[in-house]
2 protein chains.
Amino acid sequence: MASKEKKDARDGNSAKTTRRETILRLIASERIATQNELSRRLEEEGFPVTQATISRDIRELRLVKTAGNGGYYYEVGKPSEKYHAPHKFYSLYQAMVRTVDYAQNLVVIHSDTGMAQAVCAAMDSMDWPGVLGTIAGDDTVLVVTRDEGCAAELVQSLREIQAGR
Amino acid sequence: MASKEKKDARDGNSAKTTRRETILRLIASERIATQNELSRRLEEEGFPVTQATISRDIRELRLVKTAGNGGYYYEVGKPSEKYHAPHKFYSLYQAMVRTVDYAQNLVVIHSDTGMAQAVCAAMDSMDWPGVLGTIAGDDTVLVVTRDEGCAAELVQSLREIQAGR
DNA sequence: GCTATTCCGGTATAATTATACATTTTCTCC
DNA sequence: GGAGAAAATGTATAATTATACCGGAATAGC
């Protein structure tokens, strides 16, 4: 089996993870109507997988097929239900967040791929002081605070949560 | 045909409309996993229709089937539609934007959930002076301006629009 | 009232998706 | 490194969903 190039797989950068990142990118930029269509595109991107695997990916990424302009296509589902229980945020946060940092009045949170929306929604529900707003991509949440002091405080709080209190 | 009780149909309160209202109520309160299941529940509610009709209802109501806790079920989808007509910006903006604020050289716009992309696209199409770029999440648009002065001007303009001019 | 037109919805079926099962790959613990 | 466990994925197929086609009811125009 010397031909297999599965050299990653260490830090969470498995084939599955990168494939799912690709899926998210594809459905964000193209109108993908069926899983077979997605399968074809994925193969072009270097991920030869069957429809069955894609069905499982779609379930776990919480993607949805919705009726848009002239036909159905896939897109990311609603980020999450609103969490209003602070203790839920902590476990969510600990499970998904990888790194936290800030520069000036911006806090950047890196999460597991596809989880940023959920982290973002949880953050929003906490109504943190000094936070003007949050934006989530696939694996990054950007938090805009009023000033650098607020950012520093927020980062400290988040790191305490991350460390398990 | 005196046996037919189609007494509504006047003001938009057709059988179809009330059936769809019922569908929305059902999926909001129960975990409906398949269209056949929904068909059964609808029949109990007094709407004997086939799966085909439900499929059409689901398409037009923009419902989605998503993977939740232990299985798939239906729920309402995101309302997002992309408008690209600049002159529509004002009404779009007034309809969707909730708050506007800025810190340093960043303007943060909060919109209705799922509308940030549309607001962002509309913003882009306006080619505002001093705006370096925009990023949209689900309910937040971040606008990066050249400096704080530009941000302040932009916020003032946006608030005037918000106030109806 | 009569005809044309549009809308609605059923039937049957094609298209699509989910999954049981088997196989391979990866991980874990010695 | 090897045995066993767990995760991942393909195969084949069952389950589910979308739609072409058609008929009947409502609506509009005359």
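Predicted model only: the values in this text are computed from it and were never measured. Naming convention: chains lettered A, B, ... in sequence-line order (proteins, then strands); numbering from 1 in each chain.
Counting to the nearest Å, the P atom of D:dA8 and the CG atom of A:L61 are 13 Å from each other. Remark: C1' of D:dA15 and CZ of B:R40 are 13 Å apart, rounded to the nearest angstrom. Spacing between atom CD1 of A:I58 and atom P of D:dT17 amounts to 15 Å, rounded to whole angstrom units.
With a 4.5 Å cut-off on side-chain heavy atoms, B:R19 and B:V49 count as touching.
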What pairs of nitrogen or oxygen atoms, one from the protein and one from nucleotides 12-14 of chain C, lie under 3.5 Å apart?
none

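Checked against C:dT16, D:dA18, D:dT16, the side chain of A:K65 finds its nearest nucleotide in C:dT16. The side chain of B:V49 approaches C:dG10 more closely than any other nucleotide in the set C:dT17, C:dG10, D:dT17.
Counting non-hydrogen atoms under 4.0 angstrom, B:T53 reaches the backbone sugars and phosphates but no base. A:T34 comes within 4.0 angstrom of sugar-phosphate atoms only, judged by non-hydrogen atoms across all strands, and of no base.
Between B:Y74 and the phosphate of D:dT16, there is no side-chain N or O to OP1/OP2 separation shorter than 4.0 Å.
Side chain A:R56 to base D:dG10: a donor-acceptor pair is found below 3.5 Å.
Side-chain polar atoms of A:E30 and A:Y73 form no donor-acceptor pair below 3.5 angstrom.
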